[in-house]
Amino acid sequence: MDFPIKEEIKAFLVRLWFSGLVCYLVLWGSGISNDFLDLILLLPIAHFLCDLLLTNTIVKSAFKTRLNLQKKYKDMNSFQRIKVWIYTYLETLFSVLIVIGIYEGINRLIILIRSADKTTVFFPVEPFGYAFIYTAVYYIFYILKYKFTLNFLQGRNDINDF
């Protein structure tokens, strides 16, 4: 199948905007970034709901991307829907954990290089940077999903044009 690069870029920008929105509303608006347990529990749920209800719906309906290779939601039976929800949640959870690890790693590296105080945050979380890091991690999972697993799960043979 042929997927225009313009459509993928537009979908990337939509995903980027919604990732920044989640950071702005959840991390900055609620203050959960002060408590690690809340961060691990609430941020993946917020991203999951945003991806499932808003981002993926808009991308599927407005753009011709690889996300359209999935079955339509109305054509799925209950077991397939639950499988999609579980996979999306696990993907979101791992993405958030990787993003938190990236922020932690960058800050620790800067502290190590500058021999600074360990309580200082040199690379704070802000919506623009968070959105880029989260979207980059999302697209790593996106490539893995559509290059390797979609062929196995749905029996598609027309995804080899990545």
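- Grouped with Leu41 in one hydrophobic cluster are Leu37, the linkage being side-chain heavy-atom contacts under 4.5 Å among Ile, Leu, Val, Met, Phe, Trp and Tyr residues.
- Looking at heavy atoms from C-beta onward, Ile98 lies in side-chain contact with Phe141 at the 4.5 angstrom threshold.
- One finds the OG atom of Ser115 at 13.0 Å from the CD1 atom of Ile110 (value rounded to the nearest 0.5 Å).
- For Phe122, there are no ring pair (Phe, Tyr, Trp, His ring centres under 6.0 Å) partners two or more places apart in sequence or in a different chain.
- In this structure, Leu43 and Val99 have side chains that are not in contact, with every pair of non-hydrogen atoms separated by 4.5 Å or more.
- Aromatic ring pairs are classed by plane angle as parallel below 30°, tilted from 30° to 60° and perpendicular above 60°; the pair His47 and Tyr130 is parallel.
- Residue Phe48 forms a ring pair (Phe, Tyr, Trp, His ring centres under 6.0 Å) with just one option from Phe94, Tyr89, Tyr138, and that option is Tyr89.
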Side-chain donor/acceptor pairs under 3.5 Å, residues 16-25, sequence neighbours excluded:
| residue | atom | partner | partner atom | Å |
| --- | --- | --- | --- | --- |
| Ser19 | OG | Arg15 | O | 2.9 |

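- Between Phe128 and Phe132, the angle of the ring planes goes over 60°, which puts this pair in the perpendicular group of the 30/60° scheme.
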Handout entry: Pair Leu39-Leu27, side-chain contact (heavy atoms from CB on, under 4.5 Å): steps then yes or no
Key = CA-CA 8 Å; Leu39 186 69; Leu27 287 177; 3.2 Å; yes
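- Ile102 has its side chain within reach of Val137: a pair of non-hydrogen atoms, C-beta onward, lies under 4.5 Å apart.
- In plain terms, the two heavy atoms of Thr92 and Thr88 that are nearest each other are OG1-O, 2.7 Å.
- When all heavy atoms of Thr57 and Leu53 are compared, the closest pair comes out as OG1-O, 3.0 Å.
- Atom CZ in Arg108 sits 7.5 Å away from atom CD1 in Ile111 (nearest 0.5 Å).
- To the nearest 0.5 Å, the span separating CD1 on Ile133 from OH on Tyr103 amounts to 4.0 Å.
- When hydrophobic clusters are built by joining Ile, Leu, Val, Met, Phe, Trp and Tyr residues whose side-chain heavy atoms come closer than 4.5 Å, directly or via intermediates, Ile86 is grouped together with Leu52.
- Once rounded to the nearest 0.5 Å, the distance linking CG of Leu144 with CD of Glu91 reads 9.5 Å.
- In this structure, Leu49 and Leu54 have side chains that are not in contact, with every pair of non-hydrogen atoms separated by 4.5 Å or more.
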